[in-house]
Every structure is written in C-alpha cells, then in structure tokens.
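Some notes on the structure that comes next.
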Amino acid sequence: MAKNHFLLTAHPLNTMPSPDPGQFFMLSVDSRLDPLLKRPFSLHRLVLGDLQFLYRVVGKATNILKDKKAGDIMELIGPLGNGFPVNEIEEKKPVLIAGGMGIAPLVALAEKFTERQPVFFYGARNAEEILCLNELESIGITPVISTDDGTSGRKGFVTDIVEEFLYHHPSSSFDYALYSCGPKPMLETLSGIAMKYKIKAYMALEESMACGIGACLGCVIKTVDGYKRVCKEGPVFLSEEIIW
Amino acid sequence: MAKNHFLLTAHPLNTMPSPDPGQFFMLSVDSRLDPLLKRPFSLHRLVLGDLQFLYRVVGKATNILKDKKAGDIMELIGPLGNGFPVNEIEEKKPVLIAGGMGIAPLVALAEKFTERQPVFFYGARNAEEILCLNELESIGITPVISTDDGTSGRKGFVTDIVEEFLYHHPSSSFDYALYSCGPKPMLETLSGIAMKYKIKAYMALEESMACGIGACLGCVIKTVDGYKRVCKEGPVFLSEEIIW
Amino acid sequence: MDISVEIGKIKLKNPVMTASGTFGYGEEYAGFIDINELGALVVKGLSLLPKEGNPPPRIVETPAGMLNAIGLQNIGIDKFLKEKLPYLRQFNTPVIVNFFGDSIEEYVKAAGRLSSADGIHGLEMNISCPNKEAGWSVFGTDPQVTYRVVSSVRKATDLTLIVKLSPNVTDIALMANTAEDAGADAVSLINTLTGMAIDIRTRRPKLANIRGGLSGPAIKPVAVRMVWECYKKISIPIIGMGGIISADDAVEFMLAGASAVAIGTGNFINPGVTMDVLSGIKSFMSAEKLNSLKELIGRVEC
Amino acid sequence: MDISVEIGKIKLKNPVMTASGTFGYGEEYAGFIDINELGALVVKGLSLLPKEGNPPPRIVETPAGMLNAIGLQNIGIDKFLKEKLPYLRQFNTPVIVNFFGDSIEEYVKAAGRLSSADGIHGLEMNISCPNKEAGWSVFGTDPQVTYRVVSSVRKATDLTLIVKLSPNVTDIALMANTAEDAGADAVSLINTLTGMAIDIRTRRPKLANIRGGLSGPAIKPVAVRMVWECYKKISIPIIGMGGIISADDAVEFMLAGASAVAIGTGNFINPGVTMDVLSGIKSFMSAEKLNSLKELIGRVEC
Ligand SMILES: Cc1cc2nc3c(=O)[nH]c(=O)nc-3n(C[C@H](O)[C@H](O)[C@H](O)COP(=O)(O)OP(=O)(O)OC[C@H]3O[C@@H](n4cnc5c(N)ncnc54)[C@H](O)[C@@H]3O)c2cc1C
Ligand SMILES: Cc1cc2nc3c(=O)[nH]c(=O)nc-3n(C[C@H](O)[C@H](O)[C@H](O)COP(=O)(O)OP(=O)(O)OC[C@H]3O[C@@H](n4cnc5c(N)ncnc54)[C@H](O)[C@@H]3O)c2cc1C
Ligand SMILES: Cc1cc2nc3c(=O)[nH]c(=O)nc-3n(C[C@H](O)[C@H](O)[C@H](O)COP(=O)(O)O)c2cc1C
Ligand SMILES: Cc1cc2nc3c(=O)[nH]c(=O)nc-3n(C[C@H](O)[C@H](O)[C@H](O)COP(=O)(O)O)c2cc1C
Ligand code: FES
Ligand code: FES
C-alpha cells in the first residue's frame with residue numbers, strides 16, 4: 001500500500017445487514033477519551049463477509065488505527081446511510097470518478113457494475129497516491145488515470161478528463177450515469193459538468209460527524225430542500241440536489 | 001507474575017544518573033490526552049543498566065502499560081526525589097517492611113543491604129499478591145510473610161508481626177533502622193511502633209502527583225515543618241517528621 | 001431496589017434520561033436500545049416555527065469533548081406534534097420536550113401549544129443555548145430576565161416545567177434559585193460551555209458559526225461542581241448532565257445532588273450508553289447495598 | 001524572523017511564557033530547558049505573608065485535564081525576594097511575579113514591596129483564583145470591585161501590570177475592559193475553571209478542598225473563545241493560556257488575539273514543552289512565510 005495508506009479488514013462479530021457500496025461505518029479505535037468520537041469510513045470492499053476499509057492516515061484516530069494488530073477488537077456501527085443506487089439505472093452506462101481517497105467506496109461499487117463495463121476515471125495528486133490498481137484489474141477494470149503532477153497517467157484534473165470524454169463520446173443509444181467520490185471542489189466541478197451534459201451524477205459527500213446515525217444534526221449539507229444530513233439522507237446525493 | 005501485577009523493563013535511551021532505591025520515575029504511556037499526566041513508579045530494580053518497574057494494574061495508565069510490547073518507546077523522567085538513606089546508618093540493622101505494592105522499591109533496597117543481612121517483613125492481602133520471592137531469594141533473603149486472610153505466612157497485619165519481632169528481639173549491641181513502603185494506614189501504625197521503640201523509620205510515601213519535580217505543589221504531606229512535597233523532599237521521609 | 005424518581009409530576013422508572021439535541025426525536029436510537037427502558041426521553045429543542053440552523057461545519061472534536069453549533073435547527077412544533085410525537089407515544093417512557101423562543105411571547109406560545117398535545121409529559125425550557133448571538137441568549141444569564149420568562153411560561157402550562165440552565169454565568173446557584181422562585185418544577189444543568197476552535201492553517205474558525213457549545217467528558221468537573229452548588233441552594237430536583245459516559249459518572253452527579261441524569265455526547269460515542277449506565281447504576285447500588293436513589297442523591301460527604 | 005513582542009514595558013524575545021503556579025520559582029525546570037530561552041517566566045503566586053495552602057489531596061486528573069486546589073501555598077514575598085529572586089536574576093529572561101492579597105490594602109502593599117525589588121520586570125495580579133472561598137474571590141467576578149483593586153494597584157507600581165482574569169464569569173470581555181480602564185498594561189487569561197470531582201466509593205470529594213481549578217487541554221476551547229472575545233473589545237495585549245501543549249495550540253491562541261502565550265499544565269506532561277512550542281512556532285512561521293508575530297496576532301478570519 002502507498003505511504004500513509006492502509007487497508008483494514010474487519011471480521012464482524014455480530015450479524016449485520018449486508019452493506020452497499022457508498023454506505024459507511026462509524027469506528028472507534030478504543031475506549032479512551034482521546035480521540036473521543038467515532039470516525040466514519042466507507043466500505044471499501046466486502047470480502048467473504050469481512051469488511052474492508054481503505055484509509056489514509058491524517059490525524060489522531062487514523063494514526064492509532066494503523067498500529068492495530070491482527071486480532072484486535074474494535075467497535076463499529078453500521079452499515080449507515082444510503083449507498084449508491086445500483087439497480088435503478090439499468091439502462092445507463094456507469095461512469096465512475098474517483099478523486100484521491102474517493103477511491104475507497106468506488107471499488108466496491110465497480111464490483112457491482114462489472115457486467116456493465118463501467119468507465120472508470122481516477123485522479124490523484126501523484127503516482128504514489130494511485131491505489132487499488134490490482135483490485136480493479138482483478139475485476140477487469142483499467143481506470144483512466146490522471147495526476148496533478150503528471151507522474152502517472154495524464155497530467156491534470158480528473159474532471160477535465162471526464163468532460164473531454166463526455167464531449168468526445170456522446171451517445172444516443174444510452175445515457176451515462178456518473179458515480180463519484182472525492183474532494184468537495186472536484187465534486188462541485190463534476191456537478192457542473194453533469195448539469196451541462198444533462199446526466200445524473202451520484203456523489204458521496206463528507207462532513208464532520210458526531211453520531212453518524214442522524215441524531216445530532218451535525219453533518220448537514222445545504223440542498224435545494226434545506227439542510228440534509230450526510231449520515232442519514234446521504235452520504236450519496238444526486239448532484240442536482242446540492243447547493244455548493 | 002501474580003494476576004494484575006506486571007514487570008516493566010525499560011532500557012534508557014539517554015544517559016541519566018544512577019537511581020537509588022526509593023527514587024522514582026514519572027512515566028507517560030504515550031502522547032494521547034487520556035490519560036493526561038505522567039504517572040509515578042518507583043525503581044524496582046536496576047538490572048544491567050536497565051530500569052525495572054513493578055506495578056499493579058489499577059486504572060487508566062497501568063491498563064495501557066500492561067499491553068505494551070517489547071521495543072515500544074515511552075517517555076520517562078527521573079530518577080526523582082530522595083531515596084532511602086543507605087550509608088548514613090552503617091552501624092544499624094536494617095529492617096525492611098513491605099506492604100502490598102510497597103514491595104516494589106524494597107527489592108532494590110534489599111539488594112543494597114545484602115551484606116548487612118536485613119530482616120525483611122512482607123505483608124499482603126493474600127497469597128496471590130505475594131510477589132518477588134524468587135528475586136529476594138536470589139539475594140539471600142527469605143522474608144517473613146503475612147497475609148490478611150492467612151493464605152500465605154502468618155495471618156494478620158504485617159505491623160503486628162514487626163512489633164512482635166521488636167518486642168522479642170531487643171538488642172543492646174546495635175540499633176534497628178526501619179525501611180518501609182506500603183499503604184498509608186500501615187505506615188502510620190509503623191510510625192507509632194518506631195516511636196515506641198525509639199528507632200528511626202524511613203518510609204516511602206505516595207501522593208497524587210502532577211509534575212513529579214517539585215513545581216506544582218500538588219503532592220504535599222503534612223510534616224512538623226509544614227507541608228512538604230513528596231516528589232521533592234520525599235518520597236522517603238523519616239517517620240517522626242510526618243503528621244498523620 | 002427502588003430506582004424510580006420524581007421530577008415534578010413525572011414519575012421516572014429510573015434516573016437515566018437523554019439530553020436534548022443528542023437523541024434526535026428518539027427514532028434514530030431505536031435500533032440500539034429499548035426506548036421503553038429509558039427513564040425519560042428529551043427531544044431536540046423545538047421552536048414555534050421551524051429553524052434552519054447554522055451552515056456547516058457544525059461540529060469539531062476537542063480534547064475529550066466536542067464543540068457544536070447546530071444553531072437550534074428543528075422542524076417546528078407543529079410538524080413535531082404531527083410527525084414525531086405519534087411515534088414517541090407508543091412507548092411507556094415519559095417524553096420531555098425541550099423548547100425555546102426568540103421572545104417571552106414566543107416561549108409562552110410554544111409552551112401553550114405543547115401543553116395541549118397528548119403524550120407530552122414535561123417541558124424543558126432552554127434558556128441557555130450559547131449558539132445563537134444576540135437577543136435571547138441573555139435569557140439564561142441575567143437573573144431578572146430569567147425570572148420573567150420562566151414565570152410567564154409557568155402561567156402558560158400545567159405540565160412539569162424544567163428550566164435548563166446555562167453554565168456560562170458567574171453564579172449558577174443564583175440562576176437555579178431564580179428558576180425555582182419563578183415556578184420551575186426542576187432545573188437541568190449544564191448546557192454547553194461556550195468555546196471556539198481555530199484551524200491554524202486556514203486561519204478560519206473550525207465552526208462556521210465561529211463559536212459553539214462545548215460538551216462531553218471535558219466539561220464534567222464543571223458540571224458536577226455546578227450541580228453541587230445548586231443542590232445546596234434549591235429544593236426542587238436537579239437533572240444533572242455534562243460529560244456522562246458511564247455509570248460511575250452518573251453516580252458522581254447523583255452524589256453531587258442530581259435526582260436524575262441526562263446523557264448527551266455519550267450517545268455519540270456509544271449509542272447503547274444509556275442502557276450501560278442504567279445497568280451500571282443498578283450494579284453499583286447492589287454492590288453498595290443501597291435500596292433507593294435517596295441514599296445517593298446529594299450524599300457527597302464534604 | 002521577528003518573534004519578539006512587547007507586553008507593557010517588557011520586551012519579550014519570544015512569546016512563550018510559563019503560567020503561574022506550574023513552574024515553581026524556575027529552578028525545578030532548569031534541568032529540562034534553558035531558562036534563558038523563555039520569553040518570560042511567571043512565578044508561583046505570592047502573598048505578603050507565607051501561606052500554607054490546602055491539605056492534600058490537592059490534585060486529581062480529569063478527562064484531558066486536571067483539577068488543582070493548592071490553595072495558593074507560597075513562601076511569602078520577603079522570602080521570595082531573599083531566596084528565590086537572586087537565582088532568577090542570573091537569566092536574561094524577564095521575571096513576572098504573580099501575586100494576590102486578601103484585601104485591596106494587601107494587594108497594594110504587595111505590589112509596592114515587589115516594585116522596589118531589583119530584577120522583577122512585571123507584576124501579574126491574580127484576581128481570579130477559584131480555590132479559596134469567600135471574600136477575595138469576588139475581586140475577579142464583580143467589575144466594580146475589579147476596577148477598585150486594579151486602579152489601586154496601578155497607583156502603587158510603575159512596573160508593567162498584568163491582570164489575570166477569571167473565566168468563571170458571564171462576560172469575560174467586560175472584565176477585560178474593566179482591567180484596561182483601571183490601568184492594566186495587559187491581561188492574561190484564562191485562569192482555571194472551577195470544577196469538582198467525587199470519589200463514588202468513598203463518597204468524598206477527590207480534593208480535600210472540595211472544589212478546584214480545572215486546567216489543561218480540556219479547557220482550551222473555552223480559553224480560545226475568551227481570548228477572542230476580549231481581543232475584540234480591548235486594545236492592551238493579551239497573554240493567552242489554557243490547555244496549550246503544542247505549537248499549534250499556541251498559534252491558535254495568537255490567531256484568536258493573544259500577543260503571547262503561557263503554558264501551565266503542559267509543563268507537567270512534558271517538562272520541555274516550552275522549548276518545543278517555541279521551535280514549533282518558528283517552524284510554523286517559516287513554513288507559512290511569516291516575518292513577524294503581527295501577522296498572526298488576532299488574525300483569525302471570521
Ligand atoms: C461518510 C464518510 C466516509 C469516509 N470514508 C473514508 C474512507 O473510506 N477512507 C478514509 O481514509 N477516510 C474516510 N473518511 C474521512 C475520515 O473519516 C477521516 O479521515 C477521519 O475521520 C480522520 O480521523 P483522524 O482522527 O485520523 O483525523 P483528525 O485528527 O480528526 O483530523 C486530522 C485532519 O483531517 C481533517 N479531517 C478530519 N476529518 C475530515 C473529513 N471528514 N474530511 C476532511 N478533512 C477531515 C481535520 O480537519 C484535520 O485537519 C470518510 C468520511 C466520511 C464523512
Ligand atoms: C512516588 C510513587 C511511587 C509509586 N511507585 C509505584 C510502583 O512502583 N508500582 C505501582 O504499582 N504503583 C506505584 N505508585 C502508584 C502509581 O503511581 C499508581 O498506581 C498509578 O499512578 C495509577 O495510574 P492509573 O492511571 O493506572 O490509575 P488511575 O486511573 O489514575 O487511578 C485508578 C485508581 O487508583 C487510585 N490511585 C491512583 N494513583 C494512586 C496513588 N498514587 N495512590 C493510591 N491510589 C491511587 C485512584 O484514586 C483510582 O481509584 C507510586 C506512586 C507514587 C506517588
Ligand atoms: C449536538 C448537540 C446538540 C444540542 N442541542 C441542544 C438543544 O437543542 N437544546 C438544549 O437545551 N441543549 C442542547 N444540547 C446540550 C445537551 O443537551 C447537554 O446539555 C450538553 O451537551 C451537556 O451534556 P453532554 O456532555 O452529555 O453532551 C446539545 C448538545 C449537543 C452536543
Ligand atoms: C497546579 C497549578 C497551580 C496554579 N497556581 C496559580 C497561581 O498561583 N496563580 C495564578 O494566577 N494561577 C495559577 N494557576 C493557573 C495557571 O497559571 C493557568 O492560568 C491555568 O492552569 C490554565 O493554563 P493551563 O491549562 O496551561 O494549565 C495554577 C494552575 C495549576 C495547574
Ligand atoms: S453525524 Fe449526527 S446527524 Fe449526521
Ligand atoms: S508532583 Fe508537583 S510538586 Fe510534587
């Protein structure tokens with residue numbers, strides 16, 4: 001795994017509903033009061049009933065997480081929120097767009113879509129931060145890669161490349177549907193592109209969370225229907241709902 | 001090691017003055033904010049330059065400590081405070097009295113005294129909590145044991161047995177000097193015994209500590225000269241100084 | 001063992017409540033605990049008209065605590081009565097409605113509206129929320145204004161009236177006294193301490209609202225102290241809260257003088273915390289051979 | 001890079017100070033840091049006559065914080081001048097003496113005595129210690145009394161006069177304003193929040209004094225908020241403190257409006273913390289390409 005990125009495999013000790021791509025779990029590293037709150041992590045993959053999470057070390061909880069050993073027990077709640085709609089759009093061509101850590105939930109989603117031969121765009125800061133190529137390959141997907149510094153794939157923003165693609169590959173026989181996860185500015189740009197090309201775009205958003213289950217109203221984003229909770233009404237939203 | 005009791009061996013990464021028996025170290029388990037403060041632990045033994053601490057798991061820090069692995073790095077400051085006087089009393093016969101976890105510093109002290117054949121009394125709640133017998137044996141000491149419930153050695157308080165000993169073994173050719181560590185009530189009783197038999201008693205005290213180096217005035221005990229800091233003027237005090 | 005307790009006219013089967021704003025309208029926790037086992041359920045603060053609340057970010061973690069600036073977002077009393085209360089009525093757990101207003105008039109109207117509904121057992125007046133600037137924030141910090149608003153609401157309702165105090169005051173016992181004099185049946189304390197956090201790289205406050213309310217274990221020592229100070233000065237019951245995450249914490253509040261306890265931030269850390277606290281209180285009482293909460297409440301030995 | 005800063009007439013080579021009561025009279029830390037590297041050293045609070053302080057236990061850890069009830073134990077001003085000050089004079093670090101009194105008269109006398117000594121650069125008036133009951137504790141919570149005591153001390157000294165504010169008030173900015181009007185050259189904040197902890201098994205308060213002062217990371221959000229509120233209202237410099245344990249914390253206080261920062265509880269966690277904070281501030285400034293502290297102080301973007 002690339003520097004500072006780790007894969008956590010969790011074997012559930014209790015039964016739980018099977019999670020959908022785009023859903024997430026709230027995880028505590030242990031019962032100490034620092035860090036205090038649980039942290040949200042998206043389902044990365046479901047492997048033989050085990051949950052896999054892909055995460056980047058950014059602060060307190062992730063720093064502790066990376067030092068966990070096989071066999072350690074942690075408290076997780078989930079699956080939470082609404083994942084990506086998969087069946088609703090059977091006639092459409094899935095276009096998946098990952099930015100940075102946004103790759104985490106999109107691998108599970110790509111797995112669901114394999115038969116429909118999704119197009120996969122994947123942008124990151126540099127070659128080092130391009131992850132999961134083997135996992136994608138094993139399900140027959142070769143993503144179109146771009147990096148900010150050009151160290152892998154094309155140089156530039158993934159959104160530019162997506163727009164180029166849509167421009168050069170208009171289709172009259174089917175519609176595209178965009179599925180995306182990544183940094184907010186990227187999603188905002190993508191949202192504009194989706195509007196321009198009149199295609200549906202589903203995007204998984206992030207907000208700081210306290211409860212993860214809809215009780216605290218802490219994680220809202222502004223939508224055309226007022227504030228909505230990312231943990232409950234989201235994390236996947238249709239781009240046209242969101243007010244950036 | 002008995003249930004809930006652990007031995008920690010620390011290899012100093014920096015040079016430090018050689019610690020005396022009765023001195024202590026302030027230890028942080030890691031840099032997280034819970035627990036926040038360093039915790040005091042007495043030197044148990046010095047083994048080939050490594051520091052050994054003997055501790056009982058009672059709360060937050062000790063619970064974390066027990067799960068540390070070989071090679072983990074921790075921050076320690078010390079040696080701190082004043083240890084037991086060893087040389088000042090060359091003509092005296094050392095009598096060591098340990099109560100419960102008070103055994104921790106007395107092993108290092110007994111090592112210093114081996115040539116003077118100290119008398120060693122050791123009281124604990126029950127047989128399970130009698131520790132370090134092998135260590136003591138290796139330096140030629142067989143302690144007189146007592147337990148509250150009689151599961152090992154004599155049944156009763158160690159202070160009763162000490163008093164009995166002093167009563168039956170008066171000496172005109174030399175004086176005794178008492179060296180003790182244990183729960184406050186035990187030390188208080190011992191203090192009375194020392195007064196009665198007119199012998200010097202050195203005792204290592206405990207108080208909650210914040211800094212461990214004399215700066216916060218948090219760890220005082222009442223003495224005939226006003227409050228004194230356990231971490232700086234102590235932890236070893238002469239019993240006659242202390243106002244119980 | 002009797003762990004029931006009375007708060008005004010409400011009989012609680014046990015002293016474990018939820019704190020307003022941390023338990024939604026109950027539904028969210030139904031998958032984690034049996035709502036019927038709660039001593040009482042306090043819902044998110046309501047106002048006459050719906051409120052949108054503050055823009056995000058609304059929460060940030062701090063050492064052993066968190067800041068929130070939700071901005072009193074709520075669906076409004078009417079929608080609550082229609083859409084949420086029927087759900088809550090199915091449980092045999094008393095429902096306490098936390099509410100607030102922009103003016104004394106609004107408080108009175110809100111209390112009136114809530115009092116005529118079926119299935120509400122008590123009202124908790126929030127006079128202390130530190131999240132909103134200006135006007136109404138002084139309700140909870142100026143004793144004279146507090147007296148006026150509480151006594152006005154008192155006239156408007158026969159339900160058990162709980163006044164929730166702000167800790168951001170010089171003299172909490174004076175505020176508790178004022179609430180009692182104005183006719184409150186109980187006080188609850190503490191609400192959040194006002195705090196702030198700054199992102200040093202962006203140089204912006206971590207909360208869009210700049211300031212927020214500090215809750216969680218970090219504030220427990222302040223909360224316990226305030227409960228103790230109030231207990232000595234008033235004779236109505238106290239609902240203690242602020243940083244409770246375990247039965248030991250709850251017992252600490254009761255020894256300080258709380259008749260019941262409410263858990264807020266603790267629910268986020270462990271959604272089953274209320275049940276853990278409840279069973280922990282029972283174990284503590286049997287270990288200590290106590291037969292009734294009376295042997296705990298206010299029994300710290302000073 | 002210019003990291004010097006002026007507090008009244010005192011020129012500090014850098015903004016990192018120690019907080020009163022946590023750094024003894026300096027000696028204890030000499031083995032851990034170079035005292036010459038400190039921006040200023042603030043000593044344990046002194047009174048005219050020595051004070052015995054409270055019985056133990058005096059400290060207890062709380063979530064991400066600690067309570068203390070030292071009870072202002074100190075050796076008295078005379079002994080300090082004779083036995084401790086000579087040691088401190090050897091360093092080229094300004095020495096600020098924290099002091100307090102039981103009455104305005106005592107404050108004035110203490111300030112006078114300290115002002116005539118050689119080697120004291122500033123005075124920090126503690127009007128806020130929450131550890132002692134009764135009388136003088138109101139100095140820091142009633143603006144009128146604060147005005148009287150500060151203006152009296154102002155007349156008694158030409159040294160830089162810093163007033164240390166209590167956070168246990170409804171309106172901290174009002175208190176800061178009052179101190180400024182009464183002639184203070186600077187304010188320092190925050191002192192400890194009053195708190196309490198109870199041992200549920202013995203049923204006794206964990207501190208012999210019952211209540212104590214809460215310090216450490218737990219209170220940082222309250223402290224940052226108060227610094228920010230005061231910065232908007234006063235024009236004298238602020239010394240910010242409350243839970244600082246890292247350079248990031250220090251920068252956060254400066255963005256909120258502190259000209260300098262003081263570290264208290266942090267010294268207990270890491271006796272080298274002042275030097276770590278100092279070098280961290282420098283690295284931060286070079287990483288952010290800042291040339292002077294002016295580009296940080298009060299520069300939060302709201
Ligand atoms: C629904 C959801 C799903 C997520 N899925 C994943 C995932 O699959 N893999 C993954 O690596 N991360 C994921 N995240 C982000 C993850 O939750 C944060 O990285 C984690 O909480 C950081 O915890 P920490 O204690 O290590 O960092 P902290 O110490 O809390 O913070 C360190 C730094 O990161 C910033 N930060 C913290 N949380 C976020 C956030 N949510 N967004 C942006 N910046 C943040 C802080 O402001 C701070 O600067 C997800 C977040 C959400 C809301
Ligand atoms: C000078 C000195 C030397 C010590 N040497 C040793 C030693 O060699 N081995 C050893 O096992 N312990 C020793 N102790 C005690 C040790 O410091 C505490 O057991 C430890 O701090 C507990 O930390 P914790 O976080 O695990 O417990 P906490 O979570 O802090 O406390 C758990 C429980 O233990 C009680 N407690 C905490 N500290 C003390 C204390 N100092 N005295 C009595 N009760 C306390 C608390 O009140 C609480 O009830 C020494 C203490 C001092 C002052
Ligand atoms: C996210 C959040 C929202 C809150 N909303 C309200 C509210 O609407 N009304 C109210 O009176 N208190 C509100 N509070 C305060 C809590 O009810 C409680 O008084 C406080 O958080 C202290 O308890 P705790 O430390 O257990 O959280 C809120 C607290 C949090 C954390
Ligand atoms: C053990 C201890 C003793 C203190 N003694 C004093 C004192 O004598 N005078 C004073 O003004 N403040 C005193 N304080 C308050 C600190 O100077 C500081 O304002 C407070 O602890 C907040 O900072 P911190 O969180 O960095 O500790 C004391 C604090 C502690 C922890
Ligand atoms: S995190 Fe609490 S409502 Fe979403
Ligand atoms: S622990 Fe600070 S003076 Fe002893």
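Any value given below was found using the heavy atoms of this structure, including those in side chains, with hydrogens, waters and symmetry copies removed. Numbered from 1 within each chain, the chains take letters A, B, ... in sequence-line order. Note that this is a predicted model, so its numbers are computed, not measured.
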ask   = Take atom NZ in C/K232; do more than 12 heavy atoms of anything else shown fall under 6.0 Å from it?
value = yes
inquiry  = Restricting to non-hydrogen atoms, name the atom on C/A64 and the atom on D/A64 that form the minimum distance, rounded to 0.1 Å.
reply    = CB-CB, 3.7 Å
note = Scored by heavy-atom pairs under 4.5 Å with chain C, the best of D/V224, D/V60, D/I200 is D/I200
query = If we only count heavy atoms from C-beta on, is the D/I198 to C/W228 side-chain gap below 4.5 Å?
reply = no
query = With a cut-off of 6.0 Å (strictly less than), are more than 12 heavy atoms of other residues, nucleotides or ligands near CZ of C/R203?
reply = yes
Side chains of residues 169-176 of chain D: which donor-acceptor pairs under 3.5 Å do they make with residues two or more places apart or in other chains?
residue	atom	partner	partner atom	Å
D/T170	OG1	C/T170	N	3.0
D/T170	OG1	C/T170	OG1	3.3
D/D171	OD1	D/A173	N	3.2
D/D171	OD1	D/L174	N	3.2

query = Can you name the side chain to side chain donor-acceptor pair (under 3.5 Å) partners of D/D2, sequence neighbours left out?
reply = D/S4
key: chain D contact via C/L214 - side chain, backbone, both or neither, heavy atoms under 4.5 Å   = side chain
remark   = From the list C/G195, C/A223, C/A208, the residue making the most non-hydrogen contacts under 4.5 Å with chain D is C/G195
key: Close contacts, residues 242-250 of chain D versus chain C, judged by heavy atoms under 4.5 Å   = D/D248
request  = Select, from D/R201, D/E252, D/K220, the one with the greatest count of heavy-atom pairs under 4.5 Å involving chain C.
outcome  = D/E252
message = Is it the case that atom NZ in C/K294 sees more than 12 heavy atoms from other parts of the structure closer than 6.0 Å?
response = no
Heavy-atom contact with chain D under 4.5 Å, split by part of C/E288 = side chain
request  = Can you tell which part of D/F253 gets under 4.5 Å to a heavy atom of chain C, answering side chain, backbone, both or neither?
outcome  = neither
inquiry  = Under 4.5 Å from any heavy atom of chain C, what part of D/L67 do you find: side chain, backbone, both or neither?
reply    = side chain
request  = Identify which part of C/I210 has an atom lying under 4.5 Å from any heavy atom of chain D, answering side chain, backbone, both or neither.
outcome  = side chain
message = Using 0.5 Å steps for rounding, measure from the CZ atom of D/R225 to the OG1 atom of C/T194.
response = 4.5 Å
remark   = Against chain C, residues from residues 295-302 of chain D with at least one heavy atom under 4.5 Å, in numeric order, are D/E295, D/L296, D/R299, D/V300, D/E301, D/C302
